[in-house]
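Here's the structure, in structure tokens; my notes come after.
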Protein chains: 2
Amino acid sequence: MKLSQGVEWSVHCAVTLAQTSPGVSVSRRTLAERYDLPEAYLAKHLKAMVSAGLLHATTGPRGGFRLARASEEITMLDVVEAIDGSGPQFVCQEIRQRGTAALPPEQCRERCGVALALDSAAEAWRSSLRTVTIADIVARLPAGARAQLQA
Amino acid sequence: MKLSQGVEWSVHCAVTLAQTSPGVSVSRRTLAERYDLPEAYLAKHLKAMVSAGLLHATTGPRGGFRLARASEEITMLDVVEAIDGSGPQFVCQEIRQRGTAALPPEQCRERCGVALALDSAAEAWRSSLRTVTIADIVARLPAGARAQLQA
DNA sequence: GCACATCTACTCGGATAGAGAATGTCCGAGTCTCTGGGG
DNA sequence: CCCCAGAGACTCGGACATTCTCTATCCGAGTAGATGTGC
């Protein structure tokens, strides 16, 4: 249950892109240098965000990445799922229906209590991430951080 | 962000142990056959639960595993952390203090907003798991499941 | 019939391979910009 | 002075190694109970 390292990078990059003027793109090289990250590997995560529809990529000089929609419309959950995968964290194997103590199917109409609890916890986690947007992160940034980006 | 497969096995085993008479141990072989699981691999998870203080192990004939404390006192979170590790799911790398846009330390007294959101979500997940105990799972079991164990 | 020493069989625990995912890196395809020449 | 063609450089995207965690397995150490013998 460890979160991929790239999630942190990706969120920070999204925060940076949220502070650029509309229509302006930032190259992955600039993003990598901004946070001292390996450019080639960061590229993989940026690509994932493009595939997820969070970012828009432009090639050629003056090209790069920009947000595909308003920063208020991009949640932490969007970024996490883009990088870490959107599949369920837990898949019930229905082991209660196997082995010597196998339950008959008619007793398994309702969902297994174990799966229920794990799914409920995962949903709580997702709900929490849904409440925070990239715009929220920008708003809570120290005053100096925003000033530096203008340069 | 995928949950280890062994968590499901371990919880089910704990549920089984919660239904045995006090003082009686169940061998890992019996547990493995009960759910049709690979015994050797299940052993690793049971060992982890012993190390975490959730189970108590006895060697020799009539030996095996039993709960180390009442099933009402063992939460889903206890089991998940025993199997999946109790370390934090996310460790902030403080990349805001690196690279060309590095912030000075005096602007980083407060925790990074990204880390804050991720930690908050993780805590919501843990909180949810804390509310469910092994005893709760047993209570919600179909009537037939409990009867089978007596045999 | 009872107590004891031995022996067997059963239990867990740690050390040891294999598979898959995450991490990290490289080079090629496409495109926008800039430059130079001609009208 | 303006327009156009070409070259150049910069961008992202996909294909290729490496490392680490999770999965899976085996054999050895230790112990409780069963057994056989002697009293």
Legend entry - Earlier contact from the 5' end, DNA chain C, for A/G60 and A/L3: A/L3
Inset, instruction - Please figure out whether A/K2 or B/G63 has its closest DNA chain C nucleotide nearer the 5' end. - result: B/G63
Tell me the interatomic distance from [X], atom [atom1], to [N], atom [atom2], rounded to whole angstroms.
X	N	atom1	atom2	result
A/Y41	D/dG14	OH	C1'	16 Å
A/R28	C/dC26	CZ	P	12 Å
A/L42	C/dA22	CG	P	17 Å
B/K47	D/dT25	NZ	P	17 Å
B/L37	D/dC22	CG	P	19 Å
A/R29	D/dG13	CZ	P	18 Å
A/E39	C/dT23	CD	P	18 Å
A/H45	D/dG14	NE2	C1'	16 Å

Legend entry - Contact nearer the 5' end of DNA chain D, comparing A/M1 with A/A40: A/A40
Inset, instruction - Might you confirm whether atom CZ of A/R111 has over 12 heavy atoms from other residues, nucleotides or ligands at distances under 6.0 Å? - result: yes
Inset, instruction - Measure from the side-chain N and O atoms of B/R98 to the backbone N and O of A/D36, and report whether any donor-acceptor pair falls under 3.5 Å. - result: yes
Legend entry - A/S21 side chain vs A/V24 backbone, donor-acceptor pair below 3.5 Å: no
Legend entry - Under-4.0 Å side-chain N/O to phosphate OP1/OP2 contact, A/T58 with D/dC12: no
Inset, instruction - Would you tell me if any nitrogen or oxygen in the side chain of A/S4 comes within less than 4.0 Å of OP1 or OP2 on C/dA22? - result: no
Inset, instruction - Determine, step by step, whether B/Y35 and A/T100 satisfy the side-chain hydrogen bond (donor to acceptor under 3.5 Å, both in side chains) criterion, reporting the C-alpha distance in whole Å, the side-chain angles of both residues, the deciding distance to 0.1 Å, and the verdict. - result: CA-CA 7 Å; B/Y35 294 114; A/T100 59; over 6 Å; no
Checking contacts here: which listed nucleotide ([options]) is nearest the side-chain heavy atoms of [X]?
X	options	answer
A/K44	C/dG13, C/dT25, C/dT31	C/dT25
A/P61	C/dG13, D/dG8, D/dC12	D/dG8
A/T59	D/dC12, D/dG14, C/dA22	D/dC12

Legend entry - Criterion side-chain hydrogen bond (donor to acceptor under 3.5 Å, both in side chains) on A/R34 and A/T16, from CA distance to verdict: CA-CA 9 Å; A/R34 183 176 170 82; A/T16 291; 3.0 Å; yes
